[in-house]
There are 2 protein chains.
Amino acid sequence: MNELRVAVDVVIFRVRQGLLQVLLVKRGLAPFEGRWAFPGGFVLKDESLDAAALRELREETGVGDVYLEQLYTFGEPRRDPRGRVISVSYFALFSGGEPEAKAGSDAAEVEWAAAYKPPLLAFDHRAILDYALQRLRWKLEWTTVGFKLLPKKFTLTELQKVYEAILGRQLDKRNFRRKVALLGVVEPLDEHRQEGIQRPARLHSFSARKFERLKDRGLLFPF
Amino acid sequence: MNELRVAVDVVIFRVRQGLLQVLLVKRGLAPFEGRWAFPGGFVLKDESLDAAALRELREETGVGDVYLEQLYTFGEPRRDPRGRVISVSYFALFSGGEPEAKAGSDAAEVEWAAAYKPPLLAFDHRAILDYALQRLRWKLEWTTVGFKLLPKKFTLTELQKVYEAILGRQLDKRNFRRKVALLGVVEPLDEHRQEGIQRPARLHSFSARKFERLKDRGLLFPF
DNA sequence: TAGTATAGTGTTTATAATACACTTTGTCAA
DNA sequence: TTGACAAAGTGTATTATAAACACTATACTA
C-alpha cells in the first residue's frame, strides 16, 4: 500500500420540487462509519481522473449520463485518518431524467439530501459541499449549466424553479422569460404539458447553436 | 518508489513593460531535457498542496511573497513518461516588487517568457498555461486580482497597462479611471512619480475596505 | 358555465457601459 | 525665459442593460 493515495469524490446535484438536492452515501466502514459522504473512491493505476469520477458515481449510485467537471483538489495532510489521501473533487449535475439514483453494486444506503441543509458529513466533505455550492451558483449565473439540471423537454416555469432553488430567491417571471428569450438558447416546441387543473405550459428545448457566438465575449446569464 | 505520485506545478505571471510574462525553468534532466517547464516538483509526505507549491516556487526561482491559488489537477495516465504523475497546478501573480526572480538552489536556468508567445514547453505544460491564462483573464475582469500584479504604490496608467497586457486590447483612459474610482478600492496618495520628461503621475494604493461589501453581490470589475 | 390555478405577456424607470477630445503640467533644450 | 514635448488628468451625451411592476388567457373540473 502506498503512503500517498489519490481519491475522487463527486458532488452531484439535482433539483426536485423546487429544492436543490445533493447525493450522499452512508458509510458502511470506519472511519466515519454511519456518517454520510459523497460517492467516491481511489483512482486506479491506468485511469484518468475524470474516468475515475464517472466510474465511482456509477458503481455507488447507478447514476450515469451527467454533466461532470473537476472542482478542486483537497490535500491537507490529515484530512483522512487512514493516512495521506489527496481528494480530487468533482462537480456533477443530474438532468432529472427518469432513472432514479439507487444503491449501487456495494448496496450502500444512498439518499438525495437537501443541499442547503445537509446532515453531518464525513471527512472534510462539508467544505467540499460549500465549495461546490459556490461553483454551482456562479456557473448558473454566468453559463448555461442550468439546462443540465433539466430533461430535454421542459417548461419555462421548471427552468425558473431551477434558478430559484439554487440562488435561494424568487425571480420575476417576466424578466426571467425576457432574458431567456434574448439569450436565444431555448426553442419553443409544439407540445404542451399539463401539471394541475390549469392551463397547460408549452414545452421548450435547449439549443446551444446561438450560444457559441456569445461564449467569445465572456459568457453570460445574468439573472 | 510509489507507482502513483503527486506533483505541483506553478504558473506565475507578471507584467513588465506592458507585456504579460510567465516564469519558466529550463529542465536539466530527462525527460524533456533542455525544454522549458513551470517550476514544480513532488509533494512531500506531510506537506499541504499549497505549501508544496510555495516551497517549489522559492526553491527553484527565489520568488516569494506572491498571490497563490490552486488552478486545476491534471491526471491523464500518460502525461509524464516516467510513470503515473498527477499534477496539481497552481496559479500565481508576482507583484513586480523589486526582488528579481533568479536561479534558485539547484541553479537551473530561469526566465520570464512572453505568456502569449511561450517557447515549446515540456509535458502537458502548454495546456496548463492556456488554462492559467483563461483563469487570469477571467479573474481580472471579475475580481480585484489585477492589483496583485502591482507593487503597493502604483500609477493609474500602470494599472491600466496591466489590464491591457492581459486582455490584449486597448482600454479607454477615462472610462477605465471612472470605473476604478466607482469601485472605491484605490486611494490617491500625496506622492507623485516621474517616468519621462513629462508631467509626473499621482501614486495610488489599493484598499480592500470598500470591496468587502461588493463581494456579497457577486464580484465585479467589468472592463 | 362558473371557479380555479398556473401560463403567458409590455412598459416605464433606473442604472451601467460606451464613445469620444481637449486642457494641464513638469521637464528639457534652445 | 520660453516654447516644445509627452504623458497626466478630466466630462458629457448616447446607448444598452437591468429592475420593478399587474393583468389577461386558457384548459380543466365540478
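Within every chain, numbering begins at 1; the chains are lettered A, B, ... in the order of the sequence lines, protein sequences first and strands thereafter.
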Could you check how far CZ of R193(A) sits from P of dA7(C), rounded to whole Å? 11 Å
Closest to the side chain of R199(B), out of dG11(D), dT25(C), dG8(C), is dT25(C)
Can you tell which of dG9(D), dA5(C), dA19(D) lies closest to the side chain of N175(A)? dA19(D)
Rounded to whole angstrom units, what separation is found between the CD atom of Q170(B) and the P atom of dA19(C)? 13 Å
With sugar-phosphate meaning primed atoms plus P, OP1 and OP2, does R178(A) contact a base, only sugar-phosphate, or nothing at under 4.0 Å between heavy atoms? base
Does E56(B) use its side chain to pair, donor to acceptor, with the backbone of D9(B) at less than 3.5 Å? no
Atom-pair distance (CD on E191(B); P on dG26(C)), nearest Å: 16 Å
Measure the CD-CG distance between E76(A) and D124(A) for me, rounded to the nearest 0.5 Å. 8.5 Å
Whole-Å distance separating the NZ atom of K161(A) from the C1' atom of dA7(C): 12 Å
Nearest-Å distance, CG (L203(B)) to P (dA8(D))? 12 Å
Look at the side chain of A201(A) and decide which nucleotide, out of dC28(C), dG8(C), dC20(C), has an atom nearest to it. dG8(C)
Using atom NZ of K173(B) as one end and atom P of dT10(D) as the other, report the distance to the nearest whole Å. 10 Å
Under 4.0 angstrom, heavy atoms only, what part of the nucleic acid is T155(A) near: base, sugar-phosphate, or nothing? nothing
Between dA7(C), dG10(C), dG26(C), spot the one nearest the side chain of Q194(B), thanks. dG26(C)
Between R193(A) and A201(A) (side chain of the first, backbone of the second, donor and acceptor by atom type, cut-off under 3.5 Å), is there such a pair? no
Below 4.0 angstrom from OP1 or OP2 of dA7(D), is there any side-chain N or O of T157(B)? no
Phosphate oxygens OP1/OP2 of dA19(D): is one of them under 4.0 Å from a side-chain N or O of K179(A)? yes
Return the 5'-most residue of the pair G196(A), R202(B) with respect to DNA chain D, ranking by each residue's nearest nucleotide. R202(B)
Donor-acceptor pair, side chain of Y90(A) and main chain of I12(A), under 3.5 angstrom: no
Taking the nucleotide of DNA chain C with the closest heavy atom to each, which residue, L182(B) or R174(A), is nearer the 5' end? R174(A)
Tell me: CG of D172(A) to P of dT12(C), nearest whole Å? 16 Å
Starting at atom CG of L171(A), determine the distance to atom P of dA20(D), rounded to an integer number of angstrom. 11 Å
Considering only dT9(C), dA7(D), dC20(C), which nucleotide approaches the side chain of Q198(B) most closely? dA7(D)
Donor-acceptor pair, distance only, cut-off 3.5 Å: does the side chain of Q70(A) make one with the backbone of Y72(B)? no
